[in-house]
Enquirer: 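Let me begin by handing over the structure; questions about it come next.
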Amino acid sequence: MDFVNSSTEEVAKQLLGKKLIHRIGTKVYSGYITETEAYVGVADEACHTFGGRRTPKVTSMYQIGGTIYIYTMHTHHMLNIVTKEEEDPQAVLIRAIEPAEGIEYMERNRNHTGVQVSNGPGKLTKAMEITKALDGQNIGNCELFIHEADKKTPLEIAESPRIGIPNKGIWTSALLRYYVKGNPFVSGLPKRDWDKRNYGWS
């Protein structure tokens with residue numbers, strides 16, 4: 001994938017259906033990305049780099065597209081992939097995956113089964129043992145990577161405001177969250193909206 005020349009919004013959409021893989025020794029975790037959010041840099045009041053903010057914690061955001069940016073919220077690790085050129089700090093948050101490999105380990109890590117294993121950004125990182133040790137590394141050159149050839153195609157990509165972004169003016173309502181419509185492995189999707197036949201894939 002081109003994390004530099006495409007817009008952050010386009011990257012967020014293109015990631016849907018791609019397989020995210022994390023190898024730890026002989027253990028392999030993988031899942032198809034079902035939900036993302038775009039954070040579009042210094043103009044975006046919800047972005048950690050709004051206004052050009054720089055702290056040691058956001059150093060990775062200022063690196064070249066494809067860099068992994070992981071931050072912690074309420075003890076949960078949040079996995080982001082940086083987009084654009086260096087010094088243009090934008091990123092895509094990976095919010096959820098549909099598990100593919102290592103499901104037994106994921107269930108053990110989460111102490112849950114079914115959609116609760118990975119239908120949220122903190123859930124998927126715990127399920128896949130993704131930690132801050134990966135922050136600053138490149139998504140294509142470490143044990144965490146995206147297998148572009150092994151992918152699924154969404155029947156429809158739904159758009160909505162991002163989750164948990166209050167009091168940020170136009171950025172609270174901006175349609176920068178994208179997900180596979182009908183896939184149960186999406187944050188808070190009611191069962192009535194699940195596509196029980198194909199999980200929203202073509």
Enquirer: Could you check whether any side-chain N or O of N5 sits under 3.5 Å from a backbone N or O of F3, counting only pairs where one atom can act as donor and the other as acceptor?
Expert: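 Judged by distance alone, no pair lies under 3.5 Å.
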
Enquirer: Do N183 and E98 have side chains that approach each other closer than 4.5 Å (heavy atoms only, starting at C-beta)?
Expert: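 N183 reaches E98 side chain to side chain.
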
Enquirer: Give a yes or no answer on whether the side chain of S202 reaches the backbone of T153 with a donor-acceptor pair at less than 3.5 Å.
Expert: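 Answer holds: yes.
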
Enquirer: Looking at K13 and E9, is there a salt bridge between them, counting it only when a charged N and a carboxylate O are closer than 4.0 Å?
Expert: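 Between K13 and E9 there is no salt bridge, as every charged N stays at least 4.0 Å from the carboxylate O atoms.
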
Enquirer: Decide yes or no on side chain to side chain contact (heavy atoms under 4.5 Å, CB included) for S118 and M128, but give the supporting numbers first.
Expert: CA-CA 9 Å; S118 56; M128 297 182 76; over 6 Å; no

Enquirer: Tell me if a side-chain donor or acceptor on W171 pairs with a main-chain N or O of A43 at a distance below 3.5 Å.
Expert: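 Yes; judged by distance alone, with no hydrogens or angles, the pair exists.
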
Enquirer: Within the distance-only criterion (no hydrogens, no angle test), does the side chain of T172 pair as donor or acceptor with the backbone N or O of I165 below 3.5 angstrom?
Expert: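 Looks like yes, one N/O pair under 3.5 Å.
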
Enquirer: Is it true that the side chains of R95 and T36 contain a donor and an acceptor less than 3.5 Å apart?
Expert: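 No pair is found: no donor N or O on one side chain lies under 3.5 Å from an acceptor on the other.
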
Enquirer: Same cluster or not: are V117 and V180 linked, directly or through other Ile, Leu, Val, Met, Phe, Trp or Tyr residues, by side-chain heavy atoms under 4.5 angstrom apart?
Expert: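 Yes: a chain of side-chain contacts under 4.5 Å links V117 to V180.
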
Enquirer: Side chain to side chain contact (heavy atoms under 4.5 Å, CB included) for Q116 and R110? Distances and angles first, verdict last.
Expert: CA-CA 8 Å; Q116 288 296 325; R110 283 278 298 126; 4.3 Å; yes

Enquirer: Tell me whether R162 forms a cation-pi arrangement with Y178, defined as NZ or CZ under 6.0 Å from the six-membered ring centre and within 45 degrees of its axis.
Expert: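 So R162 doesn't make the cation-pi contact.
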
Enquirer: Side chains of Y39 and E37: do they bring a donor and an acceptor to under 3.5 Å?
Expert: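 A donor-acceptor contact under 3.5 Å links the two side chains.
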
Enquirer: With a 4.0 Å cut-off on N to O distance, would you call E35 and R177 a salt bridge?
Expert: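 Looking at R177 together with E35, the answer is yes, because their closest N to O distance falls below 4.0 Å.
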
Enquirer: Would you say the side-chain atoms of N119 pair up with the backbone N or O of F185, donor to acceptor, closer than 3.5 Å?
Expert: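 No; judged by distance alone, with no hydrogens or angles, the pair does not exist.
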
Enquirer: Which pairs of donor and acceptor atoms, one on a side chain in residues 138-147, lie under 3.5 Å apart (sequence neighbours left out)?
Expert:
| residue | atom | partner | partner atom | Å |
| --- | --- | --- | --- | --- |
| N138 | OD1 | G140 | N | 2.8 |
| H147 | ND1 | A149 | N | 3.4 |
| H147 | ND1 | D150 | N | 3.1 |

Enquirer: So does E10 get a backbone contact from the side chain of S7, meaning a donor-acceptor N/O pair under 3.5 Å?
Expert: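 Indeed, once roles are kept as given, a pair shorter than 3.5 Å links the two residues.
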
Enquirer: Tell me yes or no: between the side chains of H48 and Y69, is some donor less than 3.5 Å from an acceptor?
Expert: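 Yes.
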
Enquirer: Ion pair present between K181 and E156, side-chain N to carboxylate O less than 4.0 angstrom?
Expert: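 Yes, charged N to carboxylate O under 4.0 Å.
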
Enquirer: Would you verify whether the NZ or CZ of K57 falls within 45 degrees of the ring axis of Y71 while also being under 6.0 Å from that six-membered ring's centre?
Expert: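 No, a cation-pi geometry is absent between K57 and Y71.
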
Enquirer: Can you tell me how far the CE atom of M106 sits from the NZ atom of K123, to the nearest 0.5 Å?
Expert: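 The NZ atom of K123 is 14.5 Å from CE of M106, to the nearest 0.5 Å.
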
Enquirer: Is the side chain of H77 donor-acceptor paired with the backbone N or O of T125 at a distance under 3.5 Å, no angle test?
Expert: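 Judged by distance alone, no pair lies under 3.5 Å.
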
Enquirer: Can a donor-acceptor pair be found, under 3.5 Å and without considering hydrogens, that links the side chain of T83 to the backbone of V4?
Expert: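 No, because the side chain of T83 does not come within donor-acceptor range (under 3.5 Å) of the backbone of V4.
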
Enquirer: Is the closest side-chain donor-acceptor distance between Y29 and N109 under 3.5 Å?
Expert: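 Y29 vs N109: donor-acceptor pair found between side chains.
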
Enquirer: Does NZ belonging to K19 count more than 12 external heavy atoms closer than 6.0 Å?
Expert: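 Check passes, neighbour count above 12.
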
Enquirer: Between K196 (side chain) and G182 (backbone), is there a donor-acceptor pair under 3.5 Å?
Expert: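 The answer is no, because no donor-acceptor pair under 3.5 Å joins these two groups.
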
